[in-house]
Amino acid sequence: MDWLHKDWILEDRLYSPKRRIDNKISWQRPHIIGEIKSTKMEDRDMGYHSLNEKLFYYLLELDPEVIRYYVQPVEIAIKHLDSEGQVKSWMHVPDALVFRQKQLPLLVQIKETPKEQSKTFLRCNRACSLHAQRTEWKYQVIYPKTLPEKVLINLKFLSQFRKSRKYYKQWIGQVMNKASYLEGASIIELALSFSGLTDYRIILPLIFHLITKGQLGVNILEKVSEQSRFSVGNVMNPFELAFRPGGYLDEVTQF
């Protein structure tokens, strides 16, 4: 599906957050809630309830094929019988709805560990799966902390370069031009190629920023550093390894 030319007005209304970020259990698990500013969502603050959610949202922010995503997007009724045999229900809110270019919308539940297999967890899975089928979405349960250690390190490292800075505009064209004929060189070599024009340390964060925007590519399965070799564009988009069937994200997905 082509998501590039939508106006998102309807989706913004339908999939606004259905629950509030609170700190009710901070005495049990301190410092696990917060917000990240999303470049995919016009710099909106995207709330998270756990470090797992935060890691997954970093992945979404850095994947150039993710066009848009919503947190706590829908309420799904979970029905059950009480002790007297009466039908009761409560509302469950999945963690995210992801719109990735040329793919069906993906409804996501984010969990700490595959060992979480309680009756409530399984009941929510069934309800979310049925909801996804009715709406022609996909549904997955994802365990971000079980991603490869180098991927987790890279997500945290690159996330600090997502924000654009004013001076980037004057250099982006020149960096991309040089990158086109230095492709395969290291990031530091590309930065040092500007030494005759400016301090290479001005260019270095811009290069990492261009990686977060998908204009330059690196191997996310290896530790990203100044010595990493880069490619131009998404010819070998490393995030495809996460979302394609059999990719490393699929390996830590269970339902």
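This is a predicted model, so every value here is computed, not measured. Basis for what follows: all heavy atoms, side chains included, without hydrogens, waters or symmetry-related copies.
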Please determine whether side-chain contact (heavy atoms from CB on, under 4.5 Å) holds for the pair Ile78 and Thr120, giving the CA-CA distance in whole Å, both sets of side-chain angles, and the decisive distance to 0.1 Å.
CA-CA 9 Å; Ile78 309 295; Thr120 299; over 6 Å; no
Name all residues meeting the side chain to side chain contact (heavy atoms under 4.5 Å, CB included) criterion together with Glu222; count only those two or more places apart in sequence or in a different chain, and write none if there are none.
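Glu222 satisfies side chain to side chain contact (heavy atoms under 4.5 Å, CB included) with Lys150, Asn219 once adjacent residues are dropped.
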Given side chains that start at C-beta, do those of [X] and [Y] come closer than 4.5 Å, heavy atoms only?
{"X": "Phe230", "Y": "Leu210", "value": "no"}
{"X": "Val71", "Y": "Pro73", "value": "no"}
{"X": "Arg68", "Y": "Val98", "value": "no"}
{"X": "Ile187", "Y": "Gln227", "value": "no"}
{"X": "Lys163", "Y": "His209", "value": "no"}
{"X": "Leu104", "Y": "Met1", "value": "yes"}
{"X": "Arg162", "Y": "Leu62", "value": "yes"}
{"X": "Val74", "Y": "Ile76", "value": "yes"}

Between [X] and [Y], what is the shortest heavy-atom contact and its length?
{"X": "Tyr57", "Y": "Asp95", "value": "OH-O, 3.2 Å"}
{"X": "Ala191", "Y": "Ile207", "value": "N-CD1, 3.7 Å"}
{"X": "Glu226", "Y": "Leu204", "value": "OE2-CD2, 3.2 Å"}
{"X": "Lys102", "Y": "Trp3", "value": "N-CD1, 4.1 Å"}
{"X": "Asp2", "Y": "His5", "value": "OD2-CD2, 3.5 Å"}
{"X": "Arg229", "Y": "Gly184", "value": "NH1-O, 2.9 Å"}

Check against salt bridge (Lys or Arg N to Asp or Glu O under 4.0 Å), Asp43 and Lys37
CA-CA 5 Å; Asp43 289 334; Lys37 193 170 291 294; over 6 Å; no
Separation between CG of Asn154 and CG of Leu59, rounded to the nearest 0.5 Å:
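If we round to the nearest 0.5 Å, Asn154:CG and Leu59:CG are 11.0 Å apart.
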Side-chain donor-acceptor contacts of residues 165-180 below 3.5 Å, not counting sequence neighbours, with atom names and distances?
residue, atom, partner, partner atom, Å
Tyr167, OH, Ile202, O, 2.8
Gln174, NE2, Gln170, O, 3.4
Lys178, NZ, Ser193, O, 2.5
Ser180, OG, Asn177, O, 2.5

Would you say the rings of Tyr48 and Phe56 are close, in the sense that their centroids are separated by under 6.0 Å?
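They do not qualify: ring centres at least 6.0 Å apart.
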I would like to know whether Ile188 and Tyr200 meet side-chain contact (heavy atoms from CB on, under 4.5 Å); could you show each step before the answer?
CA-CA 8 Å; Ile188 190 62; Tyr200 78 94; 3.7 Å; yes
Spell out, as yes or no, whether a donor-acceptor pair under 3.5 Å connects the side chain of Thr135 to the backbone of His131.
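Indeed, once roles are kept as given, a pair shorter than 3.5 Å links the two residues.
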If hydrophobic clusters are built by linking Ile, Leu, Val, Met, Phe, Trp and Tyr wherever their side-chain heavy atoms come under 4.5 Å apart, do Phe157 and Leu155 end up in the same one?
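Result: yes, single cluster for both.
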Is there a continuous path of hydrophobic side-chain contacts, each under 4.5 Å between heavy atoms, that joins Ile211 to Ile153?
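As far as the 4.5 Å side-chain criterion goes, Ile153 and Ile211 are not connected within one cluster.
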Does the side-chain contact (heavy atoms from CB on, under 4.5 Å) test come out yes or no for Glu53 and Ile36, once each step is laid out?
CA-CA 11 Å; Glu53 291 180 23; Ile36 68 169; over 6 Å; no
Trace of the side chain to side chain donor-acceptor pair (under 3.5 Å) decision for Glu61 with Thr39
CA-CA 7 Å; Glu61 288 291 323; Thr39 57; 2.9 Å; yes
The single option from Glu75, Arg123, Gln109 passing side chain to side chain donor-acceptor pair (under 3.5 Å) against His92:
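It is Gln109, the one option of Glu75, Arg123, Gln109 that forms the side chain to side chain donor-acceptor pair (under 3.5 Å) with His92.
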Pair Asp12 + Arg44, salt bridge at N-O below 4.0 Å
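Arg44 and Asp12: salt-bridged.
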Using 30° and 60° as the class limits, which term best fits the ring planes of Trp137 and Tyr15: parallel, tilted or perpendicular?
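It falls in the perpendicular class, over 60°.
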After noting the C-alpha distance and the side-chain angles of Met41 and Tyr70, does the key distance pass the side-chain contact (heavy atoms from CB on, under 4.5 Å) rule?
CA-CA 9 Å; Met41 300 294 291; Tyr70 297 90; 3.5 Å; yes
